[in-house]
Number of protein chains: 2
Amino acid sequence: MELDERKIKILTAVIKTYLETGEPVGSRTISKYTDLSLSSATIRNEMADLEEMGYILQPHTSSGRIPTDKGYRFYVDSLMETKEREIEDMKEVVLEKADQLSEVLKQAAKLLASNTNYAAMVSTPEIHRNKLKFIQLSKVDESSILAVIVVEGNIIKNKMIHTEAPLDDDTILKLNLLLNTHLNGLSLEKINLGLITLLKEKAGIHTDVVSSVIDAVADAIRADENLEIYTSGANNIFKYPELADNEMASDIINTFEEKKQLEKMVTERLMEDGSEKNGIQVYIGSEAPVPAMKDCSVVTATYELGEGMRGTVGIIGPKRMDYEKVMGTIKKLMDQLDMIYRNT
Amino acid sequence: MELDERKIKILTAVIKTYLETGEPVGSRTISKYTDLSLSSATIRNEMADLEEMGYILQPHTSSGRIPTDKGYRFYVDSLMETKEREIEDMKEVVLEKADQLSEVLKQAAKLLASNTNYAAMVSTPEIHRNKLKFIQLSKVDESSILAVIVVEGNIIKNKMIHTEAPLDDDTILKLNLLLNTHLNGLSLEKINLGLITLLKEKAGIHTDVVSSVIDAVADAIRADENLEIYTSGANNIFKYPELADNEMASDIINTFEEKKQLEKMVTERLMEDGSEKNGIQVYIGSEAPVPAMKDCSVVTATYELGEGMRGTVGIIGPKRMDYEKVMGTIKKLMDQLDMIYRNT
DNA sequence: ATTAGCACTCAGTCAATCCGAGTGCTAATA
DNA sequence: TATTAGCACTCGGATTGACTGAGTGCTAAT
C-alpha cells in the first residue's frame, strides 16, 4: 500500500485537527473538512489503511485517531519542504542589546518561551574556532596570578593560577609580552605542541607558569567545559495535560535543571535526513537522545555568530506542538541574533 | 484557655505523626503514643481544645486533625529552643574545592537538595563590604578596553568599556597605575566623591575613561546586580502530593526559574522574633514574602565567608517538612562552607 | 469505488451504595 | 472532678452499575 494523494490529505487533516484540539479525531470530523468531499465511511476506510501503515493509531478501540511518531515525522518533513509561512507576530520583537553575551542569550530563551508557550533553551556558542584576542596575567596576591583570556567575540574567561613562589611584577610583564606576541590571533588548533615547547623554552625558569597558563587557556577555551545552557518557561509544560502528569513533569523539570541531558541535544548534530534544513532539527518523541523527552518534541536550531561561533536554541513541547509557528519563531530569533552580532 | 503540659505533648504528637504520614491524624493514633496513656476520648477532648485555640484543624468534619500554620510555628519555635539533634549522615559530606566560588555554591545547592529531598537554593554572597583587590585595564581592540576588577575573596568581574578614540598602550599603563594606587584596598564605601574628583583631575584628558571605569567598578560591585541564585532539586516537589498539584507545581517551578521572586526571600532579613537563631529563619506558608510559596515552608540561613561576604542558602519544601533534619543539614553545610573559605 | 446504515465498543460521567476512620456527646466510673 | 466507655453520626473515598455519545468496522446498496 502506498500513500496516494487522498491519503496524504486525510493524514494531514487528522494531524492538523489533532494539533488544534488535542483530542482523538474521528472520521465525521474529517468528512466535514472543506476540500474533501467524502463521507465519513470512506474516510474510515482510508483511516484504517493509514493505521495499518503506521501513521496514526487509536488510543483505544473505537475512538478517533491520533498521529503516531511516524505520522508527525511525515507531517514535519512535508512542512520543511514547503516554504515557510511568515510568522506574523512576535510579541516583543526586540532582543535588547547587552554587552554581556550571556544576557542576550538569557533574554533569547525568555523570548522564545513566552512567544511559543513552550519551554525554551539556548546554549552558549562553542568557541572552538575562535581566535585568541589577548591574554593578560596579573598578580593578585603573593601566591596567585589571574589570567584573563579574551577571545574573538569578546568572550572573557578568568582563571586563577596558584604559584609556588611569588613572581615579581617585572617577570609577569615579560610573561605577558611573551604570551601575547606568540599566541595573539591564533585559534585553538594552531596552538600546537611545537609552539608550546618554544614558549616554555623562552620562559626560562618560569616554564611551570607558562605551562599553567597554557593549560588554563586550553581549559578555558575547551568547548565542553564552557558550555552553558539557559532555560526559560519550564512551567509551560503544565499547559499541556499530556505532559503535566506528575511523573513525566518531574522528569522533564529535572532534565531542564540538570542540563547535562540537554547538552546531549545541543551537541548532537544529525545532518543525515531531510529534516535538517535551515539548520532546524526536529526530534519527535523517542527520536531525541534523551529518554525523559520521550513524550515531547524538541525543535533545535543552530545559530552562528561569526566564524565558528555556533550555539543552539531549542524549544521543548508536547508532540502536538505548533511546528510551523515554532520553526517560524526560531527563524525570526536567529535573524535577530545575527543582527545583534553584526552591530557589536 | 492555655497550653498546659499535656496539650503540648498532644500537639507535638499530632504534628510529628503528621510530618511522617502526611495524613490527618486521629485520636486513636495519638492514644497509642507511648508516653501518653490516655484514652482516645480524652485525647479527643484535648484536640477539640487545641482546635479552638487554632493550633490544629480538621480538613473536613470528622476527619483527623492536621496542624495549622500556627501549629507548625509553635513546633518550629520549640525545636529552635532545644539544642539541635545531630544529623547523623550527610550522604556526600564533601563539598569539593573548586577555584570558582560559583562552582562551590552550585554544588552546595545540589548537596542540600539531594540530602533533604526538598528543593534548594543558594545565593551568591553580597560583596558590599569587600575591598578592591585590584583593577586591570587592557586594550582589547581599537574601540574597547576591558576592565577586570578583582575584589577580596577572588571574585572577578569583567567589564567592557567602549571608548570614542583609541587609547595607546602607554596611556592605559598610566591609567592602570593611577587607578590601582588610589583604589587598591578600598571598600566600596570609601570610594567617595572626593576621591573620584581627584582621580578625574589626575587623568587629565582621559577623564571620561576614568569615569567609565569607576562607573564600571560601582556597577560591578553593586550587590543587587551581582546577585545570582543557584537552585537544585526543583523536581523534588513532586514527591509531595500536596505540592504536586498542577497549578501549584507550575507556580513553584516558575518561581524557581524566575529567581526574581527568590531574591526577595534571600534579601529579606527578619531578625525580630525568636525564630531567628543560628541565622536560621523559617517561613511557614504565607509567612514567606512570596505568594507562590503559600503552601510551602521555606528554611533559609545566612552564611558568611569572611568579613562582609554574606549569602543565603534555602530549602523549600512542603509545610510538613522534616524541620529538624533540614536545620541540621543546613548547619552542617554552613560548617563546610566555612572550612572551604578558610582553606582558600 | 463510494456511501448509507446498523451493530458494536468503550471511555467518561453520574448517582447510588457501602465502608471505615474519626468525631462529639452522654452517661458511667474511679 | 477528671477520665473513660459507648454510641450515634458524619463524611470522604472507593466501588458499582447504568447510561450516553462519539466513534468504529462491516455489509449491503448505489
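No experiment lies behind these values; they were computed from the predicted model shown. Reminder, nothing fancy here: chain letters follow the sequence lines and each chain counts from 1. No hydrogens, no waters, no symmetry mates; every other heavy atom, side chains included, goes into these values.
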Exercise. OP1 or OP2 of D:dG23 sitting under 4.0 Å from any side-chain N/O of A:S62?
Worked result: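 No, A:S62 has no side-chain N/O under 4.0 Å of OP1/OP2 on D:dG23.
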Residues in side chain to side chain contact (heavy atoms under 4.5 Å, CB included) contact with [X], at least two apart in sequence or another chain:
{"X": "B:E258", "value": "A:K110, B:N254"}
{"X": "A:A41", "value": "A:S39, A:R44"}
{"X": "B:K32", "value": "B:R28"}
{"X": "A:E20", "value": "none"}

For this session: With heavy atoms under 4.0 Å as the rule, sort A:T42 into base, sugar-phosphate or nothing.
Result: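 Base, at least one base atom sits under 4.0 Å.
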Exercise. Taking the six-membered ring for Trp, are B:Y55 and B:F74 parallel (under 30°), tilted (30 to 60°) or perpendicular (over 60°)?
Worked result: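 Perpendicular, since the angle between the ring planes exceeds 60°.
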Taking DNA chain C as the partner, which of [range] come within under 4.0 angstrom of it by heavy atom?
{"range": "residues 45-57 of chain A", "result": "A:N45"}
{"range": "residues 63-72 of chain B", "result": "B:S63, B:G64, B:R65"}
{"range": "residues 15-32 of chain B", "result": "B:G26, B:S27"}

For this session: Go through A:E287 and A:R73 one step at a time and tell me if the salt bridge (Lys or Arg N to Asp or Glu O under 4.0 Å) criterion holds.
Result: CA-CA 10 Å; A:E287 293 174 9; A:R73 168 54 58 203; 2.4 Å; yes
For this session: Walking along DNA chain C from 5' to 3', note the first and the last nucleotide with an atom under 4.0 Å from a heavy atom of chain A, and give both.
Result: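 First and last nucleotides in contact are C:dT2 to C:dA11.
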Problem set entry | Which nucleotides of DNA chain D pair, in dot-bracket form (Watson-Crick or G-U under 3.5 Å, | meaning another strand) | ||||||||||||||||||||||||||||||
Exercise. Between atom CD in B:Q58 and atom P in D:dC9, what is the gap in whole Å?
Worked result: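 Rounded to whole Å, this separation is 18 Å.
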Exercise. Taking atom C1' of D:dT10 as reference, at what distance in whole Å does atom NE2 of B:H60 sit?
Worked result: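 Atom NE2 in B:H60 sits about 10 Å away from atom C1' in D:dT10.
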Problem set entry | Candidate pair A:K319 and A:D69, rule side chain to side chain contact (heavy atoms under 4.5 Å, CB included), full reasoning | CA-CA 8 Å; A:K319 286 183 191 174; A:D69 284 8; 2.7 Å; yes
For this session: Sequence neighbours left out, what pairs pass ring-ring contact (aromatic ring centres under 6.0 Å, His included) with at least one residue falling in residues 233-252 of chain B?
Result: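 Passing the test, one end in residues 233-252 of chain B: B:Y118-B:Y240.
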For this session: Please list all pairs passing the ring-ring contact (aromatic ring centres under 6.0 Å, His included) test where one or both residues lie in residues 25-49 of chain A, with sequence neighbours left out.
Result: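 Residue pairs with at least one partner in residues 25-49 of chain A: there are none.
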Problem set entry | Residues in side chain to side chain donor-acceptor pair (under 3.5 Å) contact with A:R6, at least two apart in sequence or another chain |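 Side chain to side chain donor-acceptor pair (under 3.5 Å) check on A:R6 returns A:E46.
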Exercise. Below 4.0 angstrom, N of the basic side chain to O of the carboxylate: do A:K7 and A:E2 qualify?
Worked result: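 Between A:E2 and A:K7 there is no salt bridge, as every charged N stays at least 4.0 Å from the carboxylate O atoms.
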Exercise. Are B:S297 and B:Y323 linked by a side-chain donor-acceptor pair shorter than 3.5 Å?
Worked result: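 B:Y323 and B:S297 do have a side-chain donor-acceptor pair below 3.5 Å.
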